[in-house]
Amino acid sequence: MNTALEILQERGFIKQCTDLEALDALMGTGPVKFYVGVDPTGKSLHVGHMVPFFAMHHMQEAGHSPIALVGGGTSMIGDPSGKSEMRQMLTIEQIQENAQAIQKQLARVVDFDESRGAGKAVMLNNYDWLGGLNYIEFLRDIGKHFSVNRMLTFESYRQRLERGLSFIEFNYQLLQSFDFLTLFRNEDCRLQMGGDDQWGNIVAGVELIRRTERKECFGLTFPLVTRSDGKKMGKTEKGAVFLDPELFSPYDFFQYWRNVADADVVRFLKMFTFLPIEQIDELGKLKDAEINRAKEILAYEQTKIIHGVEEADKAIEAARAAFSVSGSAAVDKEGLPSIEIEASLLDEGINVLDLFVMTDLCKTKSDARRLVQQGGAVINDQKVDTIGLIIDAARVVDGEMMLRAGKKRYFRVIVRS
RNA sequence: GGGGAGGUUCCCGAGUGGCCAAAGGGGGCAGACUGUAAAUCUGUUGGCGUUGCCUUCGAAGGUUCGAAUCCUUCUCUCCCCA
């Protein structure tokens with residue numbers, strides 16, 4: 001039987017730990033409460049946020065108790081770690097709202113259900129103890145444990161010193177450490193996990209607890225997940241790969257994973273799916289074109305976790321249909337993004353450019369014009385390269401038209417009669 | 001509070017009176033090559049009614065036949081001094 005840490009290790013989740021052996025020993029003696037911070041700065045998480053929560057999942061599976069800590073108080077301040085801009089400050093109401101939306105998304109990976117009993121995940125908000133903090137007391141009890149000299153040696157602050165760092169941002173580390181201390185006191189939380197950019201803050205928390213409570217707690221960080229093509233994880237030209245299907249369709253979500261670089265497949269399978277490690281190793285042996293099978297599995301599993309089995313099935317079918325040799329042959333196209341238009345619109349015909357702009361394929365008519373000029377516009381597998389072309393009902397097949405921009409972007413236009 | 005340097009298109013960054021919808025790079029999009037990969041090469045990259053017109057160079061005014069470029073005021077950022 002693998003311990004939780006071994007599982008994390010073999011799946012590539014561990015970057016640094018304050019004391020791996022001691023932590024392993026502690027976790028061997030029984031369930032351990034641990035926490036991960038969540039930013040409530042948006043109403044949806046995106047895949048770049050998910051690493052800690054997948055780790056949380058494995059920890060929970062192994063019997064430990066997760067706490068998702070919403071940074072309601074801290075996000076009203078801004079964290080300087082690695083960021084060049086000050087964070088936008090939010091109102092308590094916005095944060096509350098975001099936190100609820102986020103919890104729903106987390107529930108796809110972590111179990112918040114009451115029926116789970118002791119091991120269930122809980123969500124707390126640090127606004128509860130930061131909101132009414134007394135400045136003098138805080139300085140006296142917490143502030144005295146921090147050395148400015150030491151803090152200035154932290155890489156994250158060093159960088160910011162060059163660009164400018166406001167005093168409240170500088171305090172972030174104290175607040176995060178105080179969070180850990182509070183969770184330790186109130187919940188007996190012994191471990192904080194987070195991205196590697198949080199290392200400094202996490203260690204600061206461990207030290208604070210050691211000084212004030214004379215107890216050893218632990219910190220563990222995850223590697224910053226990058227894509228081997230150098231792009232940021234979870235970012236696309238269209239913006240972040242959100243988990244919210246309203247913001248990022250399940251089909252596009254599937255495609256995002258389907259299109260990861262070869263070099264990333266195994267790593268991502270380990271971190272972002274729950275497939276057994278043996279199966280992943282097998283998939284890792286695939287070479288060249290074969291590796292596409294592994295990518296498809298990655299995309300399917302990930303979509304299944306986040307959007308559910310039905311959406312995953314639709315997405316994989318749609319993708320297969322769209323990319324099969326026969327082009328957009330009549331297979332299941334359910335999962336493709338689509339719009340509906342009135343049949344009457346086609347009575348007089350509609351300009352190709354306008355048609356493409358109606359879909360999400362082109363943003364402006366100039367954009368559409370370029371697409372057509374460069375030969376990237378396709379309707380029902382027929383290239384359209386005439387700018388003024390009028391599209392009418394003759395193009396409709398089985399009540400719809402399948403538009404394509406370039407090789408990969410599809411869009412269904414469903415004609416309502 | 002005093003002094004200095006700046007704010008240019010998605011980003012970085014050139015441009016100091018007309019040749020500027022604005023160099024170059026990055027990124028994006030499209031094409032070729034492929035495996036729905038990477039790398040590479042080519043084209044393209046403000047909008048529209050496209051041999052033209054409209055909006056854009058922090059904001060508002062002004063000078064000028066003509067301004068991203070000059071002047072005034074405002075505003076924001078950074079640096080130095082207090």
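Just so we're on the same page: letters track the sequence lines, and every chain starts at 1.
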Measure all distances between protein nitrogen or oxygen atoms and nitrogen or oxygen atoms of nucleotides 22-25 of chain B, and list the pairs falling under 3.5 Å.
none

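- Of the residues in residues 344-352 of chain A, none lies under 4.0 Å from RNA chain B by heavy-atom distance.
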field: salt bridge (charged side-chain N to carboxylate O under 4.0 Å, His left out) between A:R404 and A:D381, worked out
entry: CA-CA 8 Å; A:R404 199 173 96 210; A:D381 287 324; 3.7 Å; yes
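- Nucleotide B:C41: paired with B:G31 (Watson-Crick or G-U wobble, both distances less than 3.5 Å).
- Note: CZ (A:F323) to P (B:G35) measures 15 Å, nearest angstrom.
- The distance from atom CG of A:D264 to atom P of B:A38 is 11 Å, rounded to the nearest whole Å.
- Spacing of P atoms, B:A22 relative to B:C53, comes out at 14 Å, to the nearest Å.
- When the P atom is used for both B:G62 and B:G15, the distance is 29 Å, rounded to whole Å.
- A 3.5 Å limit on both hydrogen-bonding distances identifies no Watson-Crick or G-U partner for B:U9.
- In this entry the distance linking CZ of A:F356 with C1' of B:C29 reads 14 Å, nearest Å.
- Under 4.0 Å is where a charged nitrogen must lie from a carboxylate oxygen, and between A:K365 and A:D354 at least one such pair does.
- Each of A:N259 and A:K365 was assigned the nucleotide of RNA chain B with the nearest heavy atom; the assignment lying further toward the 5' end belongs to A:N259.
- For B:U45, neither phosphate oxygen OP1 nor OP2 lies less than 4.0 angstrom from any side-chain nitrogen or oxygen of A:S366.
- Defined by atom type and a distance below 3.5 Å, a donor-acceptor pair is present between the side-chain atoms of A:T221 and A:D196.
- Salt-bridge check for A:K43 with A:E246: failed, with every basic side-chain N at 4.0 Å or more from each acidic carboxylate O.
- Using a 3.5 Å distance cut-off with no hydrogens or angles, the side chains of A:Q60 and A:D111 do not pair a donor with an acceptor.
- In this structure, B:U72 forms a base pair with B:A60, meeting either the Watson-Crick or the G-U wobble geometry with both donor-acceptor distances under 3.5 Å.
- Note: CG (A:D385) to C1' (B:G43) measures 16 Å, nearest angstrom.
- The closest side-chain donor-acceptor pair between A:Q192 and A:Q198, if any, does not fall under 3.5 angstrom.
- The side chain of A:K363 places no N or O atom within less than 4.0 Å of a non-bridging phosphate oxygen (OP1 or OP2) of B:G46.
- Between A:K408 and B:U34 there is no side-chain polar atom (N or O) within less than 4.0 angstrom of OP1 or OP2.
- Contact check of residues 285-304 of chain A against RNA chain B (heavy atom, cut-off under 4.0 Å) returns A:D288, A:A289, A:I291, A:N292, A:K295.
- For A:R409 and B:G28, the CZ to C1' distance is 10 Å, given to the nearest whole Å.
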Salt bridge (charged side-chain N to carboxylate O under 4.0 Å, His left out) between A:D360 and A:R409, worked out: CA-CA 10 Å; A:D360 291 343; A:R409 294 152 54 219; over 6 Å; no
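- Using cut-offs of 30° and 60° for the angle between ring planes, the A:F274 and A:H57 rings count as parallel.
- For A:Y251 and B:U36, the OH to P distance is 13 Å, given to the nearest whole Å.
- Between the base of B:U36 and the side chain of A:Q255 there is a donor-acceptor pair shorter than 3.5 Å.
- At a threshold of 4.0 angstrom between heavy atoms, the contacts of A:A377 with the nucleic acid are absent.
- If you take CZ of A:F268 and P of B:A37, they are 16 Å apart, rounded to a whole angstrom.
- For B:G49, there is no paired base (Watson-Crick or G-U wobble, both distances below 3.5 Å).
- Using cut-offs of 30° and 60° for the angle between ring planes, the A:H46 and A:H49 rings count as tilted.
- The side chain of A:R370 approaches B:U44 more closely than any other nucleotide in the set B:U44, B:A30, B:U36.
- Picking from B:G47, B:G31, B:G43 the nucleotide with the shortest atom distance to the side chain of A:Q374 gives B:G43.
- Using modelled atom types, one finds no donor on one side chain facing an acceptor on the other under 3.5 Å when comparing A:D179 with A:Y35.
- Nucleotide B:C48 holds its P atom 9 Å from the CG atom of A:L353, rounded to whole Å.
- Between A:R185 and A:E213, at least one side-chain nitrogen of the basic residue sits less than 4.0 Å from a carboxylate oxygen of the acidic one, meeting the salt-bridge criterion.
- The 12-atom threshold is not exceeded at CD of A:E97, counting heavy atoms of other residues, nucleotides or ligands nearer than 6.0 Å.
- Comparing B:C33, B:U36, B:A30 by their closest approach to the side chain of A:K407 singles out B:C33.
- Searching all strands for a Watson-Crick or G-U wobble partner of B:G1 with both distances below 3.5 Å returns B:C81.
- Between A:K314 and A:E317 there is no salt bridge, since none of the side-chain N atoms of the basic residue sits less than 4.0 Å from a carboxylate O of the acidic one.
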